[in-house]
Protein chains: 2
Amino acid sequence: MERSTRQRTAIRDAIEAAGRPLSPQEVLEVARLQVEGLGMATVYRNLKLLLDDASIALVQLPGDGPRYESSVHDHHHHFQCKQCQRVFDVHQCPGDLSKLAPPGFSVERHEITLYGQCKDCLSAAPATSAPSKSAVHNHPPTGH
Amino acid sequence: MERSTRQRTAIRDAIEAAGRPLSPQEVLEVARLQVEGLGMATVYRNLKLLLDDASIALVQLPGDGPRYESSVHDHHHHFQCKQCQRVFDVHQCPGDLSKLAPPGFSVERHEITLYGQCKDCLSAAPATSAPSKSAVHNHPPTGH
DNA sequence: ATAGATGCAAAGAGTTTGCATAGGT
DNA sequence: ACCTATGCAAACTCTTTGCATCTAT
């Protein structure tokens, strides 16, 4: 059975607390604040376990590595800021998109990613310099 | 300036002729039919050059490696078949999605990916076995 | 005490780069 | 002849795996 370790708890908590999808590297950085010697292999192993658990959800954006977020959310999409690269949840959805596909194709699912500038970057520096790129410590608006 | 080599021509032609986005591996396989000893490094280098040229366009689907297609197309989206994994163009678009983003965010661009079953897989084997996975030689409907 | 979990380092997959050679112009 | 393009192999990044050790139960 599955054991409760400091590492696993730190990793799960990091993702729960983030409020936005985190990359494995970001998860490591945040979880290391709780567990000093935490290794990347442990992060990857636990991400996989927590995914199977459905404790967390996988977020895949086009052309970017995997991110992970709390699986509490229902169907939603994502917004990536072109300045700070952070990803935010978008809880609006245009609904059924099956009419977009070519005739004869069956559509079961869709993914939508919006790109632009987030609130922080728009106000902080309109189209100029950006907030910190790792941005692990920020808890910006998530659009809930 | 840029030279016209057998390799470059074979790579460009492979992408033009495909009618759907190809992975670097698929490009290599197709282009090798024209140029025997073609190496992967050459494929990658030329993909980059042709991208700069805007001769080809980069297609990024969530959680998948890069694909490349002829840049002749205008704004469009993509459909990935969950059986054969091939990607097809979708020329319909729901239009402006900026109202989906959280307030205070500015939306400049969007990506949509549809998932389901393509015409071939639906008719060939309704929800059972799939056509060849590399599928480099097929030219299925592209939804134009 | 036992079996799962961890950390490190090595192994993989995909992509990029250095370098000597081949080949357009 | 010049200088870009190629092929090979090594380097790199991200992720996974093997193995000895640690630790929750």
Side-chain angles (χ1 to χ4, degrees), chain A residues 1-15 21-53 55-69 80 85 87 133-134 136, chain B residues 1-15 21-53 55-69 80 85-87 133-136:
Chain A
M1 73 163 269
E2 222 156 273
R3 291 174 183 178
S4 167
T5 62
R6 293 182 309 130
Q7 290 85 342
R8 182 160 303 155
T9 302
I11 289 166
R12 183 170 25 224
D13 289 355
I15 294 169
L22 299 184
S23 68
Q25 182 60 42
E26 287 176 318
V27 172
L28 178 67
E29 289 169 20
V30 176
R32 256 193 186 152
L33 301 177
Q34 302 304 314
V35 178
E36 189 138 357
L38 181 60
M40 186 53 116
T42 299
V43 170
Y44 277 111
R45 277 188 283 236
N46 277 288
L47 289 175
K48 188 155 291 183
L49 279 175
L50 294 170
L51 266 185
D52 292 345
D53 262 26
S55 301
I56 62 175
L58 175 61
V59 175
Q60 306 259 37
L61 298 211
D64 243 347
R67 289 179 174 81
Y68 301 86
E69 69 181 354
Q80 183 169 38
Q85 309 282 79
V87 173
K133 184 149 185 179
S134 77
V136 156
Chain B
M1 73 165 267
E2 224 155 89
R3 291 175 183 177
S4 166
T5 62
R6 293 181 309 132
Q7 290 85 342
R8 182 160 304 154
T9 301
I11 290 167
R12 182 170 25 225
D13 289 354
I15 294 169
L22 299 184
S23 68
Q25 183 60 44
E26 287 175 318
V27 172
L28 178 67
E29 289 169 19
V30 176
R32 256 193 186 152
L33 301 177
Q34 301 305 315
V35 179
E36 189 139 356
L38 181 61
M40 187 53 117
T42 298
V43 170
Y44 279 111
R45 278 189 283 237
N46 277 289
L47 289 175
K48 189 155 290 184
L49 279 175
L50 294 170
L51 266 185
D52 292 346
D53 262 27
S55 300
I56 63 175
L58 175 62
V59 175
Q60 306 259 36
L61 298 210
D64 243 345
R67 288 179 174 82
Y68 301 85
E69 69 182 352
Q80 182 168 38
Q85 308 284 87
R86 289 180 300 176
V87 173
K133 185 151 186 180
S134 77
V136 156

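A note on names: the letters A, B, ... follow the listed sequences, proteins ahead of strands, and every chain is numbered from 1.
Rounding to the nearest 0.5 Å places CG of L58(B) at 9.5 Å from CD of E69(B). Residue Y68(B) holds its OH atom at 12.5 Å from CD of E26(B), rounded to the nearest 0.5 Å.
Each of V27(A), T5(A), L49(A) was checked for a side chain to side chain contact (heavy atoms under 4.5 Å, CB included) with I11(A), and the lone residue meeting it is V27(A).
Looking at the side chain of S4(A), the nearest of the listed nucleotides dT25(D), dT6(C), dT16(C) is dT25(D).
Separating the CD atom of E29(A) from the P atom of dC14(D) is a distance of 12 Å, rounded to the nearest angstrom. In this structure, L38(B) places its CG atom 15 Å from P of dA5(D), rounding to the nearest Å. For the pair Q60(A) CD and dC14(D) C1', the interatomic distance rounds to 13 Å; values are reported in whole Å. Atoms CG (D64(B)) and P (dG14(C)) sit 11 Å apart, rounded to a whole Å. If you take CG of L49(B) and P of dT16(C), they are 12 Å apart, rounded to a whole angstrom. Atom CG in D53(A) sits roughly 11 Å away from atom P in dA5(C) (whole-Å rounding). If you measure from atom CZ of R6(B) to atom P of dT25(C), you get 13 Å, rounded to the nearest angstrom. Following rounding to the nearest Å, Q25(B) (CD) and dG14(C) (P) show an atom-to-atom distance of 8 Å.
Contact annotation: T5(A) side-chain N/O to dT6(C) OP1/OP2 distance is under 4.0 Å. For dG23(C), the OP1/OP2 oxygens have no side-chain nitrogen or oxygen of Q7(B) closer than 4.0 Å. A close approach under 4.0 Å does not occur between any side-chain nitrogen or oxygen of R8(A) and OP1 or OP2 of dA24(D).
Contact between N46(B) and R8(B) at its shortest, heavy atoms only, is OD1-NE, 2.5 Å.
Residue G65(A) is out of contact with every strand shown, counting any heavy-atom pair closer than 4.0 Å.
The residue among R45(B) and P66(B) whose nearest nucleotide of DNA chain C is located toward the 5' end is P66(B). Checking R32(B) against E2(B), the closest nucleotide of DNA chain D that is more toward the 5' end is the one next to E2(B).
Contact check for D13(B) versus Q34(B): no side-chain heavy atoms found under the 4.5 Å cut-off.
Residue-to-nucleotide contacts include a donor-acceptor pair under 3.5 Å from the side chain of R3(A) to the base of dA3(C).
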